[in-house]
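Here the structure comes first, spelled out in structure tokens, and everything after it is commentary.
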2 protein chains.
Amino acid sequence: MDPTVRLELSVDRGSPVPLYFQLSQQLEAAIEHGRLTPGSLLGNEIELAGRLGLSRPTVRQAIQSLVDKGLLVRRRGVGTQVVHSQVKRPLELSSLYDDLESAGHRPATRVLVNTVVPVSPEIAAALGVAEGSDVHRVERLRLAHGEPMAYMTNYLPLGLLDLDTRQLEATGLYRLMRAAGITLHSARQTIGARAAGATEAERLGEERGAPLLTMQRVTFDDTGRTVEFGTHTYRPDRYSFEFQLLVRS
Amino acid sequence: MDPTVRLELSVDRGSPVPLYFQLSQQLEAAIEHGRLTPGSLLGNEIELAGRLGLSRPTVRQAIQSLVDKGLLVRRRGVGTQVVHSQVKRPLELSSLYDDLESAGHRPATRVLVNTVVPVSPEIAAALGVAEGSDVHRVERLRLAHGEPMAYMTNYLPLGLLDLDTRQLEATGLYRLMRAAGITLHSARQTIGARAAGATEAERLGEERGAPLLTMQRVTFDDTGRTVEFGTHTYRPDRYSFEFQLLVRS
DNA sequence: GAGTGGTCTAGACCACTGC
DNA sequence: CAGTGGTCTAGACCACTCT
């Protein structure tokens, strides 16, 4: 009647991969593949440390990272358990392109505008650049299965990034930024809805007045620079936002 | 030319509050009140530990919690800096009621349905209960400034919670669940849009065909139980989802 | 080379849970 | 009461960044 699971775990001290990370990856894989079933107890930290030849703080660090991901729950006096919840995917700062690709949708992008323009006061405020200065302006139509799905307008400060139209059509904006050495840190998003105007209806192959899903986003890198402002519209019959939230404890 | 900030920090060893938590709260308050300005360096961990009479791991634990919140950035060989970004509010598992209240909107709730019904197959699957079993069904209209803003239908397993109509009108569902000793853990959300049907248009004081913002949510507690399934519609001219995402590193 | 954070150890005591 | 996680210490060595 002991629900504690005995897993085969091992660490490689010759590897440059941190020991706690090796352990957390093995535990995550065991959960993923069902070798650690929901509700099962992990075995206490001291015994686990002894079995692996690690110190307790190292084992705790591994476990803590999975608690932060929402995969495990710790209870004082009880133990550490695998969470039951059906879906494990956490909320990430992801791009539409990545979302579509991982869903197997073969996204395509049509770059309609790729230019440098003087900013409007609103965009200047959002990007944190001086009014009247120049910024990149990119407008893209995203298609899935050949059908228009999203119309995206983005503004970026000059000098951060080469915005090559061919690259923009081959991948997503976030991927280009990461490839340019920008470390993304956080983004502020607003998701809403409105009726389509005549122009935006036509862009997405919709009727005027049709409901559109909208998203505005400002993205920051880890130095605090604003690296991107975007305002996107989606056809709600073809796209919705889906994510998992964790409670901050 | 030293950008390192010298803060007045202290810890109380007699307090039951953990030392790392005392420190992280003081640092967070210092950032909040501008005593630690964006971009400023925090001073190295060893010196900080010595100054406070703490060990380095304890200081690291305090700093790490703020890094996880997105307030600080660590760079090896450089130091720990306060992030620049304008908005600091992180994404939380929040309730509409709390959102409105903190925005000063004086939310009101009208409970239209509060009953127990046999579940449909779809709801049974979402809630993880047996088909044909009974569940709570609650329908609420949320108003702000006396105007309808959201129409919310929620299903809850029996036995978790007393669903008193008066309490439901006085506060939010999440708050009632927490008060009942349920520890919320995570939620899976889908946000989309669609045109209003005749019935839902009338509920929200809209025209048929008007764009609606929609949200479906399944909420889990820390034992893995599904504690709630909800499907909500919002008037997009009166509500939108706003949140900050952090990159998972 | 000097200084920073990243990782790791081998202990310790406490608070809470369940029997 | 025994067993669990929560917190804390005082060191150590390494990898990386900047000058």
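The chains referred to below are lettered A, B, ... by the order of the sequence lines, with proteins before strands, and numbering in each begins at 1.
- Ser55(B) pairs by the side-chain contact (heavy atoms from CB on, under 4.5 Å) definition with Pro57(B), Thr58(B), not counting sequence neighbours.
- Spacing between atom CG of Leu23(B) and atom C1' of dT7(D) amounts to 14 Å, rounded to whole angstrom units.
- In this structure, CD of Gln22(A) is placed 12 Å from C1' of dT7(C), rounded to the nearest angstrom.
- In this entry the distance linking CZ of Arg60(B) with P of dT9(D) reads 15 Å, nearest Å.
- Residues forming a side chain to side chain donor-acceptor pair (under 3.5 Å) with Asn114(B) (at least two apart in sequence, or on another chain): Thr165(B).
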Contacts under 3.5 Å, N or O only, protein and nucleotides 10-13 of chain C:
residue, atom, partner, partner atom, Å
dA12(C), N6, Arg56(A), NH1, 3.2

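- Tyr20(B) has no side-chain polar atom (N or O) that falls below the 4.0 Å cut-off from OP1 or OP2 of dC8(D).
- Atom CG of Leu72(B) and atom C1' of dT4(C) are 15 Å apart (whole Å).
- Annotation: side-chain contact (heavy atoms from CB on, under 4.5 Å) contacts of Val119(A) (sequence neighbours excluded): Ile123(A), Ala124(A), Val129(A), Ser133(A), Val135(A).
- Atom CD1 in Ile63(B) sits roughly 12 Å away from atom P in dT4(C) (whole-Å rounding).
- Comparing dT7(C), dG5(C), dC8(D) against the side chain of Arg74(B) picks out dG5(C) as the nearest.
- One axis for each end of the helix from dG1(C)-dC18(D) to dG18(C)-dC1(D), each built from five base pairs, and the angle between them comes to 20° at 10° resolution.
- Sequence neighbours left out, not one pair with a member in residues 11-23 of chain B passes salt bridge (Lys or Arg N to Asp or Glu O under 4.0 Å).
- Qualifying side chain to side chain donor-acceptor pair (under 3.5 Å) partners for Tyr155(A), counting only residues two or more places apart in sequence or in other chains: Arg137(A).
- Distance CD1 (Ile46(A)) to P (dT7(D)): 15 Å, rounded to an integer number of Å.
- Rounded to a whole Å, the CD atom of Gln61(A) is 16 Å from the C1' atom of dG6(D).
- Here Asn44(A) does not reach the OP1 or OP2 of dG3(D): none of its side-chain N or O atoms lies under 4.0 Å away.
- Residues forming a side-chain contact (heavy atoms from CB on, under 4.5 Å) with Pro118(A) (at least two apart in sequence, or on another chain): Asp134(A).
- Residue Thr58(A) places none of its side-chain N or O atoms closer than 4.0 Å to OP1 or OP2 of dT7(C).
- Among the protein residues, Leu19(B) comes within range of the sugar-phosphate backbone only, with heavy atoms under 4.0 Å from sugar or phosphate atoms but none that close to a base.
- Donor-acceptor pairing under 3.5 Å is lacking for the side chains of Arg74(A) and Gln81(A).
- Without hydrogens or angle criteria, Glu169(A) side chain to Val111(A) main chain gives a donor-acceptor distance under 3.5 Å.
- Rounded to an integer number of Å, the gap from CZ of Phe21(A) to P of dT7(C) is 10 Å.
- For Gln26(B), the side chain to side chain donor-acceptor pair (under 3.5 Å) criterion is met by no residue, not counting sequence neighbours.
- For Val73(A), the side-chain contact (heavy atoms from CB on, under 4.5 Å) partners at least two apart in sequence or on another chain are Arg75(A), Val83(A), His185(B), Asp222(B).
- Between Thr80(A) and the phosphate of dG5(D), there is a side-chain N or O to OP1/OP2 separation shorter than 4.0 Å.
- Listed by first then second residue, pairs satisfying salt bridge (Lys or Arg N to Asp or Glu O under 4.0 Å) with a partner in residues 54-67 of chain A read Glu45(A)-Arg56(A), Glu45(A)-Arg60(A), not counting sequence neighbours.
- Side-chain atoms of Asn154(B) and His232(B) include a donor-acceptor pair closer than 3.5 Å.
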Tabulate protein N/O versus nucleotide N/O from nucleotides 16-18 of chain D, keeping only pairs under 3.5 Å, one per line.
residue, atom, partner, partner atom, Å
dT17(D), O4', Arg76(B), O, 3.4

